[in-house]
Engineer: 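I have a structure here, written as C-alpha cells, and I will follow up with some questions on it.
Just so it is clear, the model here is predicted, and its values are computed rather than measured.
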Amino acid sequence: MKKFLYIILSQTLLFNVAIQANETFSVEIEALTLVMEKLYENIEGDKNSNSKKPSYMAFKKDECNAKVEVTEKNGFQITNKELFDVNVCKKEIYKITTN
C-alpha cells in the first residue's frame, strides 16, 4: 500500500512541475511555434529542404515579446543566421536585418 501511495504522490509532483515549466516558458514556446510555422511555409516549396536542419533559440523580452534566433550549421561552421522579433500577443513576426 505504501508503494502505491509513493507512486501516486511522485506522479502528481512531476505533473505539477511540468505544468509550471510550461507556464514559465509560454512566451518562448509560442514564439518558436510561430517562427517554425513561417519558415516551414517558405521551405516547403524548396527542393533542397532535406539538407536544411536549422536550430532554434528563443529569448524572452517581456510578457508579449521574444527574440528568436535561427541558425543553420554545416559541421561546426554557421552557414546562415536569422534573427526575428516576435510579438506573441499580436502574433506578428519581424525579421531583424544585420550587417
Engineer: What distance separates Glu69 CD from Ile96 CD1, expressed to the nearest 0.5 Å?
Structural biologist: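 So the gap between those two atoms works out to 9.5 Å.
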
Engineer: Distance from Thr71 atom OG1 to Met57 atom CE, nearest 0.5 Å?
Structural biologist: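 The distance works out to 8.0 Å.
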
Engineer: Begin from the C-alpha positions of Ile93 and Lys95 and carry the test side-chain contact (heavy atoms from CB on, under 4.5 Å) through to its verdict.
Structural biologist: CA-CA 7 Å; Ile93 301 172; Lys95 185 172 182 179; over 6 Å; no

Engineer: Under a 4.0 Å N-O cut-off, is there an ion pair linking Asp85 with Lys61?
Structural biologist: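 Yes, charged N to carboxylate O under 4.0 Å.
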
Engineer: side-chain contact (heavy atoms from CB on, under 4.5 Å) for Leu34 and Phe84? Distances and angles first, verdict last.
Structural biologist: CA-CA 10 Å; Leu34 289 171; Phe84 298 95; over 6 Å; no

Engineer: Where is the tightest heavy-atom contact between Asn65 and Asp62, given as atom of each residue plus distance?
Structural biologist: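 Looks like N-OD1, 2.8 Å.
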
Engineer: Atom OG1 in Thr33, atom NZ in Lys91: separation rounded to 0.5 Å?
Structural biologist: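 Here the rounded value is 9.0 Å.
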
Engineer: Using side-chain heavy atoms (C-beta onward) and a distance below 4.5 Å, is Leu39 in contact with Tyr56?
Structural biologist: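 Side chain of Leu39 against side chain of Tyr56, heavy atoms only: contact under 4.5 Å found.
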
Engineer: With rounding to the nearest 0.5 Å, note down the distance linking CD in Glu37 to CG in Leu32.
Structural biologist: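 Separation between the atoms: 11.0 Å.
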
Engineer: In Å, rounded to the nearest 0.5 Å, how long is the span from OG of Ser26 to NZ of Lys60?
Structural biologist: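 The OG atom of Ser26 sits 6.0 Å away from the NZ atom of Lys60.
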
Engineer: Quick check: closest heavy atoms across Val88 and Ala31, and the distance to 0.1 Å?
Structural biologist: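 For Val88 and Ala31, the tightest heavy-atom pair comes out as CG2-N, 4.0 Å.
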
Engineer: Check this for me: Met36, atom CE, are more than 12 non-hydrogen atoms of other residues, nucleotides or ligands nearer than 6.0 Å?
Structural biologist: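 Atom CE in Met36 is crowded, with more than 12 foreign heavy atoms closer than 6.0 Å.
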
Engineer: Mind checking whether Lys67 and Leu83 have side chains closer than 4.5 Å, heavy atoms only?
Structural biologist: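 Contact flag for Lys67/Leu83 side chains = yes.
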
Engineer: Would you call Val86 and Val35 a side-chain contact if the rule is heavy atoms closer than 4.5 Å?
Structural biologist: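 Yes, at least one pair of side-chain atoms sits under 4.5 Å.
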
Engineer: Are Glu72 and Lys81 within salt-bridge range, i.e. N to O under 4.0 Å?
Structural biologist: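 No salt bridge links Glu72 with Lys81.
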
Engineer: What pair of heavy atoms forms the shortest contact from Cys89 to Glu63, and how long is it?
Structural biologist: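 Here Cys89 and Glu63 meet closest at SG-O, 4.4 Å.
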
